[in-house]
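All chains are named by letter (A, B, ...) in the order of the sequence lines, taking the proteins before the strands, and each is independently numbered beginning at 1.
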Number of protein chains: 2
Amino acid sequence: MHGEVVPGSALTLRGIGQEFGTSMTPAREAARRLVAEGALTMSVSGRISTPELANDRIEELASLRGLLETELAVRALPRAHLALIERLAAINSTVAEAIRRGDAVAYIRTNLEFHRTLYLRAQAPAMLALVETVWLQLGPTMRKLYGRMRQGRPPDSHRLILAALRNREEAALRVAVRTDVTKGLRLLMT
Amino acid sequence: MHGEVVPGSALTLRGIGQEFGTSMTPAREAARRLVAEGALTMSVSGRISTPELANDRIEELASLRGLLETELAVRALPRAHLALIERLAAINSTVAEAIRRGDAVAYIRTNLEFHRTLYLRAQAPAMLALVETVWLQLGPTMRKLYGRMRQGRPPDSHRLILAALRNREEAALRVAVRTDVTKGLRLLMT
DNA sequence: CATTCCAGATTGTGATCACAATGGAAGTGT
DNA sequence: ACACTTCCATTGTGATCACAATCTGGAATG
């Protein structure tokens, strides 16, 4: 899943099938679906590989995250009761834990879980599905992002998001989500 | 494609394959891809059918169109030279022609072609892909929209879009695109 | 030593088949 | 007459196979 595959490596259907103990038919369908979602690249000859994103593509995906995730957060805001905020705070502590441990995969996974639990309250499944598509496209390059993050210090954008949720401030929530989403990705476009 | 399948009808993989003269394997892959994109619904048992959208889903998809298409239009604005605007005007005349003829499928097709030609100039393929996904999800219900439109009179939102493009007014373009995209769909949510 | 070319191996695609699960219709009991 | 049950046809899934296209490695040639 997110951030587990090395970018640029080539995949074979028979290899994927053998890896999961199945035939090549399920591997083919999964691969084609991921290609349709943009998480994998298929050459004209049909070869499957993980794409390496150019800078303008990263900028585009960052803009998409900003657009969609602010909307999702705003829609989730009136439905975010205290239990949800506390659960988000708990997830955020595991994010900090993953950063302190230096576990890139766990960081990516828990960070996305933080966002997903918030957006699930928006009751907008189509929008959430689009965001997950964007996440999948960003997956292979999220590792690089983690490498360039300053280690041991979790970003405080999540705390800003939690504060805006507690105070029911829509404008502050918009700003917090947008900066949290775009700030990290801009680092990659050096 | 868009607006050609009746909503609520059930599809079978063998039927699709026989319809296109192939085996069921390509039909299966196409169906699963469309399911992944939200254009088709798959029950827990794997049965394929075209979804009928509830009102809140239509509202959600309309919001998505508003969000994404305004961004795409704004990104296309600085690159929209005169030749593109003239081509858009030509497409718009075929849209009006389709409305006057009462051809629902042609109207849907040319209307989307109008939007796509504009958004292609935005040089944002991921964003455009997401919008096309939204269009596919709205496909089965676009026929209903046409039925409730007042016949013979093309909406003037496209003319507003063209005017904003000519005058290079970003704010007016935003408003024109948003109203063009959401106005029609709100009709469906009676 | 570099470049070109050829052959073997590898890969994706489409077709077909066996199988389990599901849906619907017919039949039966009350 | 209606509801429930049962049984068969239909459907999706996964596996395997043949084939064409492609990639890769080394050999031959300049």
Side-chain angles (χ1 to χ4, degrees), chain A residues 1-54 57 125-126 128-130 132-133 135-141 143, chain B residues 1-54 57 125-126 128-130 132-133 135-141 143:
Chain A
M1 205 53 196
H2 290 292
E4 296 178 353
V5 197
V6 208
S9 64
L11 301 185
T12 69
L13 294 186
R14 289 175 174 85
I16 300 173
Q18 194 173 356
E19 180 179 356
F20 288 101
T22 71
S23 167
M24 56 189 294
T25 311
R28 179 170 21 172
E29 293 177 0
R32 288 183 80 103
R33 172 176 171 178
L34 289 176
V35 166
E37 285 176 342
L40 292 179
T41 301
M42 192 173 63
S43 73
V44 288
S45 66
R47 300 298 168 86
I48 307 289
S49 62
T50 65
E52 24 201 348
L53 301 181
R57 199 91 328 126
L128 183 57
L130 290 195
E132 303 222 16
T133 291
W135 289 347
L136 261 131
Q137 297 186 49
L138 282 171
T141 48
R143 310 186 72 125
Chain B
M1 208 48 198
H2 291 290
E4 296 178 354
V5 197
V6 208
S9 64
L11 301 185
T12 68
L13 294 185
R14 289 175 175 84
I16 300 173
Q18 196 172 355
E19 181 180 355
F20 289 102
T22 71
S23 167
M24 56 189 295
T25 311
R28 180 175 12 176
E29 292 178 1
R32 288 184 79 103
R33 172 175 170 178
L34 289 175
V35 166
E37 285 176 342
L40 292 178
T41 302
M42 193 173 64
S43 73
V44 289
S45 66
R47 300 297 167 86
I48 307 288
S49 63
T50 65
E52 24 202 347
L53 301 181
R57 199 90 329 126
L128 182 58
L130 290 195
E132 303 222 17
T133 292
W135 289 347
L136 263 134
Q137 297 187 49
L138 283 171
T141 48
R143 310 186 72 121

Practice task
Locate the shortest heavy-atom distance separating B/Gly38 from B/Pro51; write the atom from each residue and the value.
Solution key: O-CG, 4.3 Å
Handout entry: Distance in Å, A/Leu138 CG paired with A/Thr133 OG1, rounded so as to fall on 0.5 Å steps
Key = 11.0 Å
Handout entry: Where A/Glu37 and A/Leu136 come nearest, the two heavy atoms and their spacing
Key = OE1-CD1, 3.9 Å
Fill in the blank from the handout: Within residues 14-29 of chain B, the residues having a heavy atom closer than 4.0 Å to DNA chain D are B/Arg14, B/Met24, B/Arg28
Handout entry: All side chain to side chain contact (heavy atoms under 4.5 Å, CB included) counterparts of A/Ile16, not counting sequence neighbours
Key = A/Leu11, A/Phe20, A/Ala27
Fill in the blank from the handout: One would report the end-axis bend of the helix from C/dC1-D/dG30 to C/dT30-D/dA1, five pairs per end and rounded to 10 degrees, as 10°
Problem - Whole angstrom value for the distance that separates C1' of D/dT13 from CD1 of B/Ile48 - result: 12 Å
Handout entry: A/Arg32 side-chain proximity, nearest of C/dT13, D/dT11, C/dG12
Key = C/dT13
Completion exercise
Here the distance between atom P of D/dA15 and atom CG of A/Leu13, to the nearest Å, is 13 Å
Handout entry: Closest heavy-atom pair and its distance - A/Ala39, A/Gln137
Key = N-CG, 4.3 Å
Practice task
Give every residue pair that meets the salt bridge (charged side-chain N to carboxylate O under 4.0 Å, His left out) criterion with at least one member in residues 11-25 of chain A, sequence neighbours excluded.
Solution key: none
Exercise for the section: For the residue pair B/Thr50 and B/Leu40, establish whether any side-chain heavy-atom pair is separated by less than 4.5 Å. Expected result: yes
Exercise for the section: Would you mind listing every side-chain hydrogen bond (donor to acceptor under 3.5 Å, both in side chains) that reaches into residues 20-30 of chain B, with sequence neighbours excluded? Expected result: A/Arg32-B/Glu29
Completion exercise
Contact check, residues 38-47 of chain A vs DNA chain D, heavy-atom distance under 4.0 Å, returns A/Ser45, A/Arg47
